[in-house]
Amino acid sequence: EKGGFPSFMEKEINEQPMAVEQTLMGRTDPEGNLVLDELKIDESVLRAVDKIVVVACGTAAYAGQVARYAIEHWCRIPTEVELAHEFRYRDPIVDERTLVVALSQSGETMDTLMAVRHAQEQGAKVVAICNTNGSTIPREADAALYTHAGPEIAVASTKAFLAQITAAYLLGLYLAQLRGNKYKDEIAGILAELEAMPAKIQAVIDTQDQVKSLAQQMKDAASVLFLGRHVGYPVALEGALKLKEIAYIHAEGFAAGELKHGPIALIEEGQPVFVIVPSPRGRDSLHAKVVSNIQEIRARGAVTIVIAEEGDEAVADYANHVFRVPQAPTLLQPLLATVPLQIFACELATAKGYDVDQPRNLAKSVTVE
Ligand code: BG6
């Protein structure tokens with residue numbers, strides 16, 4: 001049932017092009033408009049939304065952080081992301097004009113469910129983005145947008161993460177379309193870029209031997225750091241989480257801009273640091289900023305492992321290792337940049353002899369608060 005793969009995790013990593021493709025499937029009409037039939041919330045309510053709050057735990061919360069950049073950019077609706085358990089117990093400001101988006105692979109995470117109930121009690125509408133049909137969170141939510149990643153067996157989430165990000169992009173584009181804002185004319189183009197992602201994810205997977213050989217070399221690392229900016233930041237957090245969860249290595253993700261405010265003190269000779277580099281074609285000099293972060297840590301002895309776009313030559317001089325991902329719009333890059341980090345964690349944990357599908361102390365779905 002592992003389809004010839006040594007673990008469910010590896011199988012699920014390899015299923016990611018399909019997971020994203022299936023999540024996109026059937027959601028546009030012949031004119032290219034996005035149709036989210038499942039979004040059974042009155043259009044007038046969705047038009048009046050003045051704040052979005054994404055609630056989730058673990059990997060799903062990092063998908064939420066990615067979603068936030070996209071939703072705010074496309075919809076111009078203020079969007080917050082909060083760990084469900086923190087949201088629930090801090091008396092959050094939520095009302096009828098708040099749209100709560102609950103992200104959960106299993107649909108059974110108790111912390112997320114309690115946040116959903118709390119938001120509904122305050123009058124908010126809740127959209128659940130879930131991978132498990134008929135589970136509790138989508139049943140209790142006002143509407144459910146299902147990811148179609150297929151069953152995820154490995155405890156550490158991989159394909160559900162990419163599918164959650166994809167579904168959240170669709171929700172953002174749908175709201176932009178519905179509200180007719182200035183990004184309305186760009187929606188068709190972004191959808192076309194999204195449709196191109198499964199093949200690009202496959203191209204990243206096709207380079208996995210290179211990532212695996214580095215993972216084997218680094219199997220005795222005591223600590224691995226991850227840096228990213230903008231959407232690369234939640235990717236860095238997810239890369240670190242994967243390594244903690246299955247390889248039991250100390251790992252931390254940082255916002256690259258935060259480096260000089262503290263984390264750079266951790267850099268010493270030989271410290272491995274993954275850096276997620278934004279597209280050099282993107283806006284706001286993000287790329288140049290991250291390249292200078294790579295220089296700063298390299299100068300202090302870090303071993304830099306860089307995830308960069310094909311054709312981005314600016315990183316070559318400062319990178320000890322470079323993994324390439326195909327070109328994509330900045331907001332969609334997490335669907336590509338996450339993949340080498342998943343492969344790295346899976347291979348490193350395997351090299352240490354751990355059971356990657358059943359990491360110690362963790363459960364696939366945590367149904368207690
Ligand atoms: C954790 C799982 O306990 O729950 C993580 O080990 C997962 O992998 C998190 O990301 C949230 O789960 P779900 O089902 O709500 O997405």
Side-chain angles (χ1 to χ4, degrees), residues 7-13 15-16 19-20 23 53-68 81-88 100-119 126-141 144-168 171 234-249 251 253 334 338-339 341-342 345-346 349 354-369:
S7 62
F8 281 108
M9 185 174 180
E10 197 163 340
K11 173 172 178 269
E12 289 160 7
I13 288 171
E15 286 171 345
Q16 292 185 112
V20 170
T23 300
V53 182
V54 184
V55 294
C57 301
T59 289
Y62 297 144
Q65 287 195 32
V66 173
R68 171 186 175 195
V81 186
E82 196 161 8
L83 295 168
H85 35 89
E86 287 295 320
F87 169 85
R88 166 66 186 88
V100 169
V101 180
L103 291 184
S104 175
Q105 187 287 128
S106 62
E108 300 295 349
T109 299
M110 186 56 75
D111 287 316
T112 308
L113 177 60
M114 296 312 278
V116 164
R117 289 182 179 160
H118 186 68
V126 176
V127 179
I129 294 182
C130 286
N131 195 47
T132 311
N133 257 294
S135 55
T136 310
I137 293 170
R139 276 196 281 110
E140 293 204 10
L145 195 58
Y146 281 104
T147 49
H148 299 292
E152 191 178 67
I153 309 293
V155 166
S157 183
T158 54
K159 65 176 181 173
F161 177 68
L162 263 57
Q164 282 163 345
I165 293 173
T166 304
L171 178 64
V235 171
L237 295 172
E238 172 61 6
L241 180 62
K242 286 282 94 68
L243 215 47
K244 289 181 230 186
E245 284 181 311
I246 61 170
Y248 319 139
I249 289 182
T338 306
V339 177
L341 307 184
Q342 297 166 334
C346 186
Y354 298 142
D355 178 350
V356 295
D357 290 337
Q358 295 288 342
R360 68 185 183 203
N361 308 339
L362 295 176
K364 182 66 181 159
S365 135
V366 181
T367 54
V368 291
E369 263 194 280

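Each ligand, and each atom within it, is numbered from 1 in the order the structure gives. Throughout, numbering of the chain's residues begins at 1 and tracks the sequence.
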Got a donor-acceptor contact below 3.5 angstrom from the Ser7 side chain to the Asp357 backbone?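 Answer holds: no.
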Should [X] and [Y] count as side-chain neighbours, where that means a heavy-atom distance under 4.5 Å?
{"X": "Thr132", "Y": "Glu108", "value": "no"}
{"X": "Asp111", "Y": "Val366", "value": "no"}
{"X": "Thr147", "Y": "Thr166", "value": "no"}

Listed once per pair and sorted, the side chain to side chain donor-acceptor pair (under 3.5 Å) pairs that draw on residues 149-160, sequence neighbours left out: Glu15-Lys159, Glu152-Ser157, Glu152-Lys364
Students often mix this up, so state it plainly: with edges at 30° and 60°, are the rings of Tyr248 and Tyr354 parallel, tilted or perpendicular?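 If you compare the ring of Tyr248 with that of Tyr354, the planes turn out tilted.
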Could you tell me, for ligand 1, which of its N or O atoms are under 3.5 Å from any protein N or O, listing the pairs and their distances rounded to 0.1 Å?
residue, atom, partner, partner atom, Å
ligand 1, 6 (O), Ala363, O, 3.2
ligand 1, 8 (O), Val155, O, 3.1
ligand 1, 10 (O), Thr59, N, 3.1
ligand 1, 12 (O), Thr109, OG1, 3.4
ligand 1, 14 (O), Ser104, OG, 3.4
ligand 1, 14 (O), Gln105, N, 3.4
ligand 1, 14 (O), Ser106, N, 2.8
ligand 1, 14 (O), Ser106, OG, 2.6
ligand 1, 14 (O), Thr109, OG1, 3.4
ligand 1, 15 (O), Ser104, OG, 2.6
ligand 1, 15 (O), Thr109, OG1, 2.5
ligand 1, 16 (O), Gln105, N, 2.6

